[in-house]
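Notes for the one structure printed next.
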Amino acid sequence: MTYVVTDACIRCKYMDCVEVCPVDCFYEGETMLVINPSECIDCGVCEPECPAEAILPDTENGLEQWLELNATFSSQWPNVTRKADQTPTDADEHKGEEGKYDKYFTPEGGAGD
């Protein structure tokens, strides 16, 4: 099992999860974070830290596309190991918004560490 980041992270990217990850398995895109499923040790400490509730265990139904997206982009985006001052200023306005993937997702990488 692994944890995956879902579209709830898009345009929020609070990064609280990054601070608690013991294996540094988060990778940063321009609009969201992803978890490398090969590096995740299934400890679960990141899940409760996410204010957007964007991190879920891959055992939940309907997360296949998110597992694939996390695996794909964690191999392309830079690693991020600490919370940066990059949380979008309008993050709270996008928290809970529906359809964020179609509206805002971009395959561009973020800054990383």
Seminar exercise, completed: Hits for salt bridge (Lys or Arg N to Asp or Glu O under 4.0 Å) against Asp16, two or more places apart or cross-chain, chain-then-number order -> Lys83
Exercise. Atom CE in Met32, atom CD1 in Ile10: separation rounded to 0.5 Å?
Worked result: 5.0 Å
Exercise. Nearest heavy-atom pair of Ile35 and Val4: which atoms, and what distance?
Worked result: CD1-N, 4.2 Å
Exercise. So, Tyr101 versus Trp66, ring centres under 6.0 angstrom or not?
Worked result: yes
Problem set entry | Taking every non-hydrogen atom, the tightest pair across Cys21 and Cys25 | SG-N, 3.4 Å
Problem set entry | Beyond-backbone contact of Pro22 with Cys43, side-chain heavy atoms, under 4.5 angstrom | yes
For this session: Write down the atom of Val5, the atom of Leu33, and the distance for their closest heavy-atom approach.
Result: CG1-O, 3.1 Å
For this session: To the nearest 0.5 Å, tell me how far Leu69 CG sits from Leu63 CG.
Result: 11.5 Å
Problem set entry | Residues that Asp90 engages under side-chain contact (heavy atoms from CB on, under 4.5 Å), provided they are two or more places apart | Arg11, Pro88, Glu93, His94
For this session: Apply side-chain contact (heavy atoms from CB on, under 4.5 Å) to Thr6 and Leu56, showing your working.
Result: CA-CA 8 Å; Thr6 66; Leu56 300 171; 4.0 Å; yes
Exercise. Is it true that Met1 and Val45 fall in one hydrophobic cluster, defined by side-chain heavy atoms closer than 4.5 Å?
Worked result: no
Problem set entry | Heavy-atom closest contact (Cys50 atom, Ala54 atom, distance) | SG-N, 3.2 Å
Give every donor-acceptor pair under 3.5 Å between a side-chain atom in residues 104-113 and any protein atom, sequence neighbours left out.
| residue | atom | partner | partner atom | Å |
| --- | --- | --- | --- | --- |
| Tyr104 | OH | Glu97 | OE2 | 2.9 |
| Thr106 | OG1 | Glu108 | N | 3.3 |
| Asp113 | OD1 | Thr81 | N | 3.3 |
| Asp113 | OD2 | Thr81 | N | 2.7 |
| Asp113 | OD2 | Thr81 | OG1 | 2.2 |

Exercise. For the residue pair Asn36 and Tyr27, what are the closest heavy atoms and their distance?
Worked result: CB-CE1, 3.6 Å
For this session: Please lay out, stage by stage, how Val34 and Phe26 fare under the test side-chain contact (heavy atoms from CB on, under 4.5 Å).
Result: CA-CA 6 Å; Val34 293; Phe26 281 89; over 6 Å; no
Problem set entry | Co-members of Tyr14 in a cluster of I, L, V, M, F, W and Y side chains, linked at under 4.5 Å | none
For this session: Please report the shortest heavy-atom distance between Cys40 and Thr2, naming the atom on each side.
Result: CB-OG1, 3.0 Å
For this session: Name all pairs fulfilling the salt bridge (charged side-chain N to carboxylate O under 4.0 Å, His left out) condition that reach into residues 48-77, sequence neighbours left out, sorted by first residue then second.
Result: none
For this session: Write out all pairs satisfying salt bridge (charged side-chain N to carboxylate O under 4.0 Å, His left out) with one or both partners inside residues 22-46, taking only residues at least two apart or from two chains.
Result: Lys13-Glu28
